[in-house]
Amino acid sequence: MSLKIEKKIVGYDVVKPEEDPVQVTRPIAVPDTAREQAKIIQMHEKVVRPEMLIGSTYKIKTPVSEHAFYITINDMVLNPGTPYEKRRPFEIFINSKNMDHYQWISGLTLIISAVFRKGGDVTFLVSELQSVFDPKGGYFKKGGKFMPSLVAEIGDAIENHLKMIGMIADPDLDERQQKLIEEKRREFESRQTDGGGDSAVGDSGFPEGAVLCSKCNVKASIFMDGCMTCLNCGDSKCG
């Protein structure tokens, strides 16, 4: 028995021998929400690059190079004008007058851009880059944060960008933590002054006596009341 299909097929069922094939070919209703979800565009490698992308450039100046590095990350706006509008990184460029690192930086930008265009969760790039250590030793960037290598600082710039477009949540300190940090800071500076010590504040904005925090890698950890407390992220061994 032949059956002529005159409508668009929107679903199907497997016909069992005991079933009537006319009843099996009934159309399956697709919920409007499912159709709406199907129209949402996600980042993937086949997305066509538009003529214009939104870009942000980050300048990093390291003691390992005489010249600064400029990191430009271009974003594609997906689903513009809808409640699902979002920015996703599409490509990255790194430029500098210093040509010593040109070869590996060019290769790195090509790989990172390819990962961006694959879509999905690309935030893993941050931790992977920040875990690269220079055998010659790291350095402190402006603000007192320790950078184990130039590659790690590139990862730090990417992290700042992903936070800016909302792909990485920036954990803000709650009111209790902020209050604790302010109290510890005032108490530390008061003790330094009363004891005849120097309570000067360094370039990082934290006391000169502060040491590197193992959690946020910022030179902002002070020793008070028998434990170390970070004045930047609030990490404390006292709980």
Side-chain angles (χ1 to χ4, degrees), residues 7-11 30-132 134 139 141-143 145 147-172:
K7 296 182 179 181
K8 184 178 179 181
I9 299 175
V10 294
V30 180
D32 292 338
T33 54
R35 293 178 181 175
E36 187 178 359
Q37 290 289 337
K39 296 178 183 178
I40 300 176
I41 299 175
Q42 304 289 347
M43 178 62 71
H44 56 85
E45 57 186 333
K46 294 184 179 180
V47 172
V48 180
R49 187 190 191 280
E51 292 295 325
M52 186 193 74
L53 294 175
I54 300 175
S56 301
T57 300
Y58 302 85
K59 177 182 177 181
I60 58 176
K61 184 70 176 70
T62 74
V64 300
S65 173
E66 180 182 356
H67 302 286
F69 291 84
Y70 297 89
I71 303 173
T72 299
I73 303 176
N74 291 332
D75 300 325
M76 176 179 286
V77 180
L78 301 175
N79 312 296
T82 71
Y84 306 100
E85 179 175 329
K86 56 187 175 182
R87 287 174 60 174
R88 288 295 179 263
F90 186 84
E91 60 193 10
I92 181 173
F93 301 99
I94 301 177
N95 187 35
S96 176
K97 291 181 179 180
N98 187 349
M99 301 298 291
D100 295 339
H101 308 287
Y102 177 79
Q103 181 173 325
W104 66 263
I105 282 183
S106 296
L108 186 65
T109 55
L110 290 174
I111 293 173
I112 294 176
S113 296
V115 174
F116 283 165
R117 289 191 286 271
K118 281 282 185 181
D121 184 9
V122 299
T123 58
F124 73 93
L125 287 170
V126 172
S127 58
E128 293 295 333
L129 295 175
Q130 289 180 341
S131 63
V132 176
D134 190 335
Y139 54 87
K141 63 179 292 186
K142 187 177 181 180
K145 188 173 183 179
M147 289 289 115
S149 65
L150 173 59
V151 176
E153 189 158 6
I154 293 174
D156 189 63
I158 295 176
E159 180 182 26
N160 292 333
H161 184 78
L162 296 184
K163 286 181 179 179
M164 188 264 292
I165 65 176
M167 289 194 70
I168 295 181
D170 193 2
D172 295 327

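Along the sequence shown, the residues carry numbers beginning at 1. The structure displayed is predicted, hence computed values, not measured ones.
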message: The test is side-chain contact (heavy atoms from CB on, under 4.5 Å); show your working for Thr72 and Ile92 and say whether it passes.
response: CA-CA 6 Å; Thr72 299; Ile92 181 173; over 6 Å; no

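- Qualifying side-chain hydrogen bond (donor to acceptor under 3.5 Å, both in side chains) partners for Tyr139, counting only residues two or more places apart in sequence or in other chains: Glu153.
- The side chain to side chain contact (heavy atoms under 4.5 Å, CB included) check on Asp134 picks up Lys136, Ser149, with sequence neighbours excluded.
- In terms of the side chain to side chain contact (heavy atoms under 4.5 Å, CB included) criterion, residue partners of Gln42 (sequence neighbours excluded) are, by chain and number, Ile40, Lys86.
- A search for salt bridge (Lys or Arg N to Asp or Glu O under 4.0 Å) contacts involving Asp75 returns Arg87, not counting sequence neighbours.
- Pairs passing the salt bridge (charged side-chain N to carboxylate O under 4.0 Å, His left out) check and including a residue from residues 160-169, sequence neighbours excluded, read Glu159-Lys163, Lys163-Asp170.
- Judged as a side-chain hydrogen bond (donor to acceptor under 3.5 Å, both in side chains), and not counting sequence neighbours, the contacts of Asn74 are Glu91.
- Ser65 contributes atom OG, which lies 3.5 Å from atom CG of Asn98 (distance to the nearest 0.5 angstrom).
- Residues meeting the side-chain hydrogen bond (donor to acceptor under 3.5 Å, both in side chains) test with His67, sequence neighbours left out: none.
- With hydrogens and angles left out, the side-chain atoms of Thr123 and Asp121 include a donor and acceptor closer than 3.5 Å.
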message: Pair Phe124, Val115 - check side-chain contact (heavy atoms from CB on, under 4.5 Å), show working.
response: CA-CA 10 Å; Phe124 73 93; Val115 174; 3.9 Å; yes

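- Evaluation of the side chain to side chain donor-acceptor pair (under 3.5 Å) test over residues 110-119, restricted to residues two or more places apart or in two chains, returns Glu45-Lys118.
- In this structure Asp100 satisfies the side-chain hydrogen bond (donor to acceptor under 3.5 Å, both in side chains) test with no other residue, sequence neighbours excluded.
- Contacts of Ala68 classified as side chain to side chain contact (heavy atoms under 4.5 Å, CB included), with partners at least two apart in sequence or in another chain: Lys59, Lys61, Tyr70.
- Crowding of Glu85 atom CD: a count of heavy atoms from other residues, nucleotides or ligands under 6.0 Å exceeding 12.
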- prompt: How far apart are the C-alpha atoms of Thr57 and Phe93, what are their side-chain angles, what is the distance that settles it, and do they pass the side-chain contact (heavy atoms from CB on, under 4.5 Å) test?
  reply: CA-CA 9 Å; Thr57 300; Phe93 301 99; over 6 Å; no

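- Residue pairs satisfying the ring pair (Phe, Tyr, Trp, His ring centres under 6.0 Å) criterion with at least one member in residues 42-63, sequence neighbours excluded, are listed as follows: Tyr58-His161.
- The structure places CD1 of Ile168 at 9.5 Å from CD1 of Ile158, a figure rounded to the nearest 0.5 Å.
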